[in-house]
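Have a look at the structure below before the remarks.
Every chain is numbered from 1 and lettered A, B, ... according to where its sequence line falls, protein lines coming before strand lines.
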Amino acid sequence: MQVDTPRTVAEAVAVQDRLRPLADLVGPGPRRPAMVAGLDVAYAESGDLLAAAVTVLDAATLTVVDRAVSVGRPAFDYVPGLFAFRELPALLAALDGLTVQPELLVCDGHGLAHPRRFGLACHLGVVTGLPAIGVGKTRLVGESAEPGPRRGDSTPLIDGGETVGRVLRTRDGVKPVFVSVGHRMSLDNAVDQVLALTPRYRLPETTRTADRLCRDALAAART
DNA sequence: GCGACAG
DNA sequence: ATCTTGTCGC
């Protein structure tokens, strides 16, 4: 699968505006997905090389059953709000390398919780047609109250008067993550899936395994 | 004009 | 994202 990469900020924003209506923000999406994918990208210090990775986990055992990587160059400069254009080509190339088809994409970044309501998770979901959610480590937009201290505690993430996501504590006492809908998923289901993927660590097993894979792939490519 | 700003 | 040591806590 492939996608056109805009050359300017104006073009990129136009692409987001054109694709945004195609995102299904209702879902509810699979309640018991058998295969869940994690996606992540690692960059070389030089900034001109990157490795994208996708890992597919058996949702019941959280075991990696398939994986794929793609090495390339960033497709766009980093601009908050246009982050997806940087990694999209490489992530799609990695997805093409899969043998096992996932039923849900867990993205490292936001979905609806975006200034124009079209973050990486929405973009990946719309382009692939697969259910997708975003799990960010830090905030991009929105305000929220501090969630309770226990795993599962959460508060709404609100931006411009609308709920765009959920600030969720995935483990007792750890910094919360930002969950938002990407495509074909409800926010409640997205939160449930994230909790199912975090039995031990703050971040979903999907993003953890993908993170390790892309780092290793980058190290191997640098030689 | 001064901050904020996914990864 | 990446550059980086020690350090606090379980």
Side-chain angles (χ1 to χ4, degrees), chain A residues 5 9 12-13 15-16 19-20 23 38-55 69-92 94 105-127 132-144 149-151 157-160 164-168 170-183 187 190 194 199-204 206-222:
Chain A
T5 294
V9 166
V13 171
V15 170
Q16 294 183 326
L19 298 180
R20 184 177 49 242
L39 305 86
D40 194 22
V41 175
Y43 297 83
E45 61 290 341
S46 47
D48 57 2
L49 183 69
L50 62 73
V54 182
T55 51
V69 300
S70 172
V71 174
R73 300 174 61 81
F76 203 82
D77 288 324
Y78 173 68
V79 179
L82 300 179
F83 169 64
F85 295 100
R86 241 175 122 59
E87 316 189 330
L88 209 57
L91 287 173
L92 291 176
L105 303 182
V106 179
C107 309
D108 188 29
H110 300 96
L112 227 210
H114 174 279
R116 284 174 298 283
R117 306 292 181 263
F118 200 71
L120 174 65
C122 296
H123 209 140
L124 265 170
V126 166
V127 171
I133 62 175
V135 180
K137 296 181 287 292
T138 61
R139 183 189 69 88
L140 206 210
V141 298
E143 311 81 45
S144 61
R150 318 299 289 180
R151 162 179 162 81
L157 177 63
I158 299 174
D159 185 51
V164 296
R166 194 117 204 132
V167 181
L168 174 70
T170 53
R171 303 298 306 164
D172 291 356
V174 304
K175 180 161 46 125
V177 297
F178 298 74
V179 180
S180 62
V181 165
H183 184 52
L187 183 54
V194 171
R200 182 167 184 190
Y201 297 101
R202 177 197 176 218
L203 297 179
T206 37
T207 80
R208 286 172 50 77
T209 52
D211 178 76
R212 280 180 22 185
L213 181 55
C214 63
R215 289 195 192 222
D216 291 346
L218 182 62
R222 289 203 1 154

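A:Ala42 comes within 4.0 angstrom of sugar-phosphate atoms only, judged by non-hydrogen atoms across all strands, and of no base. A:Leu82 comes within contact range of at least one nucleobase, with a heavy-atom separation under 4.0 Å. Heavy atoms of A:Gly47 sit nowhere under 4.0 angstrom from any nucleic acid atom. A:Leu120 comes within 4.0 angstrom of a base, heavy atoms only. Base engagement by A:Gly119 is indicated by at least one non-hydrogen atom pair under 4.0 Å involving a base atom.
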- Task: Give the B/S/- string for nucleotides 4-9 of chain C, one per nucleotide from 5' to 3', where a protein heavy atom under 4.0 Å of the base yields B, of only the sugar-phosphate yields S, and otherwise -.
- Result: ------
Can you give me the N/O atom pairs linking the protein to nucleotides 2-5 of chain B at distances under 3.5 Å, or say none if there are none?
unit_1 : atom_1 : unit_2   : atom_2 : d
B:dA4  : O3'    : A:Arg139 : NH2    : 3.4
B:dC5  : OP1    : A:Arg139 : NH2    : 2.6

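If you measure from atom CG of A:Leu49 to atom P of C:dT2, you get 12 Å, rounded to the nearest angstrom. A:His114 places its NE2 atom 12 Å from the C1' atom of B:dG7, with the value rounded to the nearest Å. One interatomic measurement links the two molecules: CZ of A:Arg73 to P of C:dA1, which rounds to 20 Å at whole-angstrom precision. We find that CG of A:Asp211 is positioned 12 Å from C1' of C:dT2, with the value rounded to whole Å. Whole-Å rounding puts the A:Asp108 CG to B:dA6 P distance at 12 Å. Remark: P of B:dA6 and CG of A:Leu203 are 16 Å apart, rounded to the nearest angstrom. The CZ-C1' distance, from A:Phe83 to C:dT2, rounds to 13 Å in whole Å. Per the geometry, CZ belonging to A:Phe178 stands 10 Å off C1' belonging to B:dA6, to the nearest Å.
Considering only heavy atoms from C-beta on, A:Arg150 comes within 4.5 Å of A:Asp172 through its side chain. For the pair A:Leu82 and A:Arg116, the minimum side-chain heavy-atom distance is below 4.5 Å. At least one side-chain heavy atom of A:Leu187 sits under 4.5 Å from a side-chain heavy atom of A:Val181. Proximity of A:Arg73 to A:Leu50: side-chain heavy atoms (C-beta onward) are nowhere separated by under 4.5 Å.
Using cut-offs of 30° and 60° for the angle between ring planes, the A:Phe85 and A:His123 rings count as perpendicular.
Proximity of A:Lys137 to the phosphate of B:dG7: a side-chain N or O atom is located under 4.0 Å from OP1 or OP2.
By the salt bridge (charged side-chain N to carboxylate O under 4.0 Å, His left out) test, A:Asp108 pairs with A:Lys137, sequence neighbours left out.
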- Query: Can you list the steps and then say if A:Thr5 with A:Leu88 is a side-chain contact (heavy atoms from CB on, under 4.5 Å)?
  - Reply: CA-CA 9 Å; A:Thr5 294; A:Leu88 209 57; over 6 Å; no
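Using modelled atom types, one side-chain atom of A:Arg202 and one backbone atom of A:Lys175 make a donor-acceptor pair closer than 3.5 Å.
Between A:Phe83 and A:His114, a ring centre-to-centre spacing not shorter than 6.0 Å is recorded.
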